[in-house]
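Please read the structure below before turning to the comments.
What you are looking at is a predicted structure, and each value in this text was computed from that prediction instead of being measured.
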Amino acid sequence: MDPIVNMELVVENVKALRGRSRTTPYHPEGNAQCERFNRTLHNLLKSLSPDRKKHWPKYLPELVFSYNVSQNSTTGYSPYYLLFGRSPKLPIDFLLGTNQTDETDQSLDEWIIAHQNRLRYAYEKAGEQTKDRAEYRKTVHDVKRFNPEICVDDKVYIRNRGVHGRNKIQDTLLNQRTFWTGPVARYRGVSFAF
């Protein structure tokens with residue numbers, strides 16, 4: 001195939017995919033999976049030292065790699081294993097002499113079949129584990145749920161959801177934020193602060 005024609009097909013496919021989005025504009029909550037990963041990445045960014053936080057984009061590859069090779073509590077497998085069908089070979093494994101040996105006694109066809117079986121088994125187990133964790137989270141949520149009836153003139157506290165904007169990854173102690181405001185009295189649907 002002509003390289004120019006091949007490039008035109010790639011450009012055409014990219015243009016076709018570029019305008020598609022699974023969420024509506026200004027409503028990112030519609031893509032829960034992406035937002036959940038953003039929360040995890042945000043927590044990883046908060047773990048950086050204060051001087052490294054100033055240059056956080058420089059440390060993104062290391063943080064994403066550490067996420068990819070860590071075992072996920074929901075699936076029971078690391079994203080790396082679910083994608084490649086094996087654990088990563090890390091420098092520390094070579095230093096400690098615990099590096100994994102490849103099955104060199106197998107033919108290529110045997111290795112591919114074994115690899116496919118490993119991936120199929122991992123996907124099945126990850127799916128089962130995900131369902132079990134979802135049921136567990138639902139039961140814990142239902143037990144902890146507290147929904148008292150609030151009447152007019154009851155004094156309540158309102159939760160402050162925290163700092164928004166560019167200071168989100170700063171240390172919590174440096175923000176000196178309060179988590180609750182109040183007490184607040186509710187009078188016919190309107191709140192009045194004291």
So, taking the atom named [atom1] in [X] and the one named [atom2] in [Y], what distance separates them when rounded to the nearest 0.5 Å?
| X | Y | atom1 | atom2 | answer |
| --- | --- | --- | --- | --- |
| E62 | R52 | CD | CZ | 8.5 Å |
| W56 | K46 | CH2 | NZ | 15.0 Å |
| L48 | H55 | CG | NE2 | 11.5 Å |
| L63 | N43 | CG | CG | 11.5 Å |
| N72 | S78 | CG | OG | 9.0 Å |
| F65 | S70 | CZ | OG | 9.0 Å |

Tell me whether V64 is reachable from L44 by hopping between hydrophobic residues (I, L, V, M, F, W, Y) whose side-chain heavy atoms are closer than 4.5 Å. yes
Whether the side chain of D93 engages the backbone of L90 through a donor-acceptor N/O pair (distance < 3.5 Å, no angle test) should be reported. yes
Mind checking whether [X] and [Y] have side chains closer than 4.5 Å, heavy atoms only?
| X | Y | value |
| --- | --- | --- |
| F37 | C34 | no |
| L41 | Y67 | no |
| F94 | K89 | yes |
| R118 | Y81 | yes |

Nearest heavy-atom approach of P88 to V69 is CG-CG1, 3.4 Å
Exercise: identify the closest heavy-atom pair between H115 and F84: CE1-O, 2.7 Å
Just jot down the salt bridge (charged side-chain N to carboxylate O under 4.0 Å, His left out) partners of D142, sequence neighbours excluded, or say none.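 Partners of D142 under the salt bridge (charged side-chain N to carboxylate O under 4.0 Å, His left out) test: K138.
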With T74 via side-chain hydrogen bond (donor to acceptor under 3.5 Å, both in side chains) - residues at least two apart: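 Once residues adjacent in sequence are excluded, T74 has no partner under the side-chain hydrogen bond (donor to acceptor under 3.5 Å, both in side chains) criterion.
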Please list, one pair per line, the donor and acceptor atoms closer than 3.5 Å that link side chains of residues 121-135 to other protein atoms, with sequence neighbours excluded.
from: Y123; atom 1: OH; to: L82; atom 2: O; distance (Å): 2.8
from: T130; atom 1: OG1; to: A126; atom 2: O; distance (Å): 2.7

For S107 and D109, which I'm curious about, is there any donor-acceptor pair between the side chains at under 3.5 Å?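 Absent: no donor and acceptor within the cut-off.
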